[in-house]
Amino acid sequence: MAGAAPIAAEWLARDPIDVAPVLLGKVLVVGERAVRLVEVEAYAGERDPGSHAWRGVTPRTRVMFGPPGHLYVYRSYGIHWCANVVCERDGVAGAVLLRAGAPLRGIDAMRAARGDVRDRDLCNGPGKLCQALGLDGSFDGADVTGADPRIRLLDDGTSPNDDPVVSTRVGLSRGVDLPWRFHVHGDPNVSRPSGRGGTIVG
DNA sequence: AAGAGGATGGCCT
DNA sequence: GGCCATCCTCTTC
């Protein structure tokens with residue numbers, strides 16, 4: 001992990017559709033636990049009918065309209081937490097949903113949080129990822145670029161995203177045809193093999 | 001003030 | 001593959 005550098009907020013201040021595939025392989029560190037991101041989805045704010053930000057600012061989506069480099073955490077189905085990295089400049093909504101990760105460190109803590117499941121099932125879904133890492137509503141708005149001691153998003157220089165797979169996003173009722181899901185080809189920690197139209201873009 | 005529905009996951013068959 | 005738990009947010013009346 002030597003040489004790992006924090007992701008800079010300026011680097012995230014652009015279109016989440018461009019940011020998302022490059023986030024594959026980056027490392028999310030929460031306390032003693034860490035994962036390498038293997039599956040993400042782009043949500044393009046007010047121009048994306050699938051985004052929570054589609055209808056404009058609300059108390060829930062406020063963070064997504066704020067500066068890049070913060071975490072947008074929301075409750076899903078009243079049960080799970082899901083986490084996004086906010087993109088675009090301050091005032092413009094955009095985010096990348098973190099859907100799955102490969103456990104790197106703190107696997108015992110993840111097992112304790114997730115119960116008796118196979119290791120590949122620890123972080124293979126947005127709700128599972130948050131549960132494994134201990135992410136909840138208290139992380140909504142948290143800075144992942146270094147200002148918040150609890151959490152950090154790092155680039156450790158490895159590039160397992162040489163052949164990301166592009167497909168449609170999962171679980172939506174609007175914007176279902178947009179090819180804005182990206183995952184690492186063949187990674188066992190991906191939530192599902194592919195959405196519709198999965199194609200490898202070397 | 002009330003109701004519908006959701007960027008899911010776990011357990012069932 | 002289907003069902004449903006569980007609750008918050010947003011929309012509408």
Side-chain angles (χ1 to χ4, degrees), chain A residues 12 15-21 23-24 28 35 37-66 68 70-88 92-103 110-142 144 164-184 188-198:
Chain A
L12 296 166
D15 195 327
I17 297 154
D18 296 328
V19 172
L23 278 184
L24 293 177
L28 183 64
V35 299
L37 299 176
V38 298
E39 180 184 349
V40 297
E41 282 177 357
Y43 285 88
E46 291 180 283
R47 65 192 163 94
D48 175 6
S51 173
H52 291 165
W54 189 43
R55 297 174 193 275
V57 191
T58 68
R60 178 175 62 153
T61 61
R62 176 183 53 84
V63 172
M64 237 199 299
F65 287 81
H70 294 250
L71 219 53
Y72 166 50
V73 181
Y74 69 93
R75 202 124 163 89
S76 173
Y77 290 86
I79 303 168
H80 313 287
W81 295 101
C82 295
N84 301 247
V85 174
V86 173
C87 301
E88 299 279 20
V92 179
V96 175
L97 172 66
L98 309 180
R99 284 195 57 90
M110 295 184 197
R111 290 184 183 130
R114 290 275 303 127
D116 183 24
V117 300
R118 296 175 300 175
D119 282 358
R120 66 192 301 178
D121 292 324
L122 287 172
C123 304
N124 63 342
K128 298 175 190 177
L129 180 68
C130 285
Q131 189 179 22
L133 291 173
L135 294 177
D136 60 20
S138 71
F139 283 83
D140 189 36
V144 298
V165 181
V166 182
S167 63
T168 57
R169 296 176 295 183
V170 176
L172 289 73
S173 61
R174 293 186 301 257
V176 293
D177 294 325
L178 298 167
W180 291 349
R181 172 176 180 248
F182 306 89
H183 70 267
V184 175
N189 301 281
V190 163
S191 68
R192 17 181 98 178
S194 178
R196 282 175 302 118

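Chain letters run A, B, ... following the sequence lines, proteins first and then strands; every chain starts at 1.
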Trainee: Can you tell me the distance, in whole Å, between the CG atom of A:L135 and the P atom of B:dT8?
Mentor: 17 Å
Trainee: What's the closest nucleotide to the A:S173 side chain, out of B:dG6, C:dC8, B:dT8?
Mentor: B:dG6
Trainee: I'd like to check, for A:Y77, whether its ring lies over the base of C:dA5 with centroids under 5.5 Å apart and a plane angle smaller than 30°.
Mentor: no
Trainee: Applying a 4.0 Å non-hydrogen cut-off, can you work out what A:G50 is touching in the nucleic acid: base, sugar-phosphate, or nothing?
Mentor: base
Trainee: Quickly work out the A:R114 CZ to B:dG9 C1' distance and round it to whole Å.
Mentor: 8 Å
Trainee: Which is more 5' along DNA chain B, the nucleotide nearest A:G171 or the one nearest A:D121? Just name the residue.
Mentor: A:G171
Trainee: At less than 3.5 Å, do the side-chain atoms of A:Y74 and the base atoms of B:dA7 form a donor-acceptor pair?
Mentor: yes
Trainee: Under a 3.5 Å cut-off for both contacts, is B:dG10 paired Watson-Crick or G-U wobble with anything, and if yes, with which nucleotide?
Mentor: C:dC3
Trainee: What is the distance from CZ of A:R55 to C1' of B:dA7, rounded to the nearest Å?
Mentor: 15 Å
Trainee: Nearest whole Å is fine: how far is C:dC8 C1' from A:I79 CD1?
Mentor: 12 Å
Trainee: Is the shortest distance from a Lys or Arg side-chain nitrogen in A:R60 or A:D140 to a carboxylate oxygen in the other one below 4.0 Å?
Mentor: no
Trainee: Under 3.5 Å, side chain of A:R114 to main-chain N/O of A:D121, donor-acceptor pair present?
Mentor: yes
Trainee: Kindly say if A:R174 contacts the phosphate of B:dA7, meaning a side-chain N or O under 4.0 Å from OP1 or OP2.
Mentor: no
Trainee: Please report, rounded to the nearest Å, how far the P atom of B:dG9 is from the CH2 atom of A:W81.
Mentor: 15 Å
Trainee: For the side chain of A:E41 and the backbone of A:R99, is there at least one donor-acceptor N/O pair under 3.5 Å apart?
Mentor: no
Trainee: Hey, is the main chain of A:I79 close enough, under 3.5 Å, to the side chain of A:R75 for a donor-acceptor pair?
Mentor: yes
Trainee: What is the separation between atom CG on A:N124 and atom P on B:dG9, rounded to the nearest whole Å?
Mentor: 8 Å
Trainee: Among B:dG10, B:dT8, B:dA7, which is the nearest nucleotide to the side chain of A:L97?
Mentor: B:dA7
Trainee: Rounded to whole Å, please give me the gap between CD in A:Q131 and C1' in B:dT8.
Mentor: 11 Å
Trainee: Could you tell me whether the side chain of A:N84 and the main chain of A:V86 form a donor-acceptor pair under 3.5 Å?
Mentor: no
Trainee: Does A:H52 make a side-chain N or O approach to OP1 or OP2 of C:dT9 shorter than 4.0 Å?
Mentor: no
Trainee: Tell me what A:L172 touches on the nucleic acid: a base, only sugar-phosphate, or nothing, going by heavy atoms under 4.0 Å.
Mentor: sugar-phosphate
Trainee: Identify which nucleotide among B:dA7, B:dG9, C:dT9 has an atom closest to any side-chain atom of A:M64, counting heavy atoms from C-beta outward.
Mentor: B:dA7
Trainee: Roughly, in whole Å, what's the span from CG in A:D136 to C1' in C:dC7?
Mentor: 15 Å
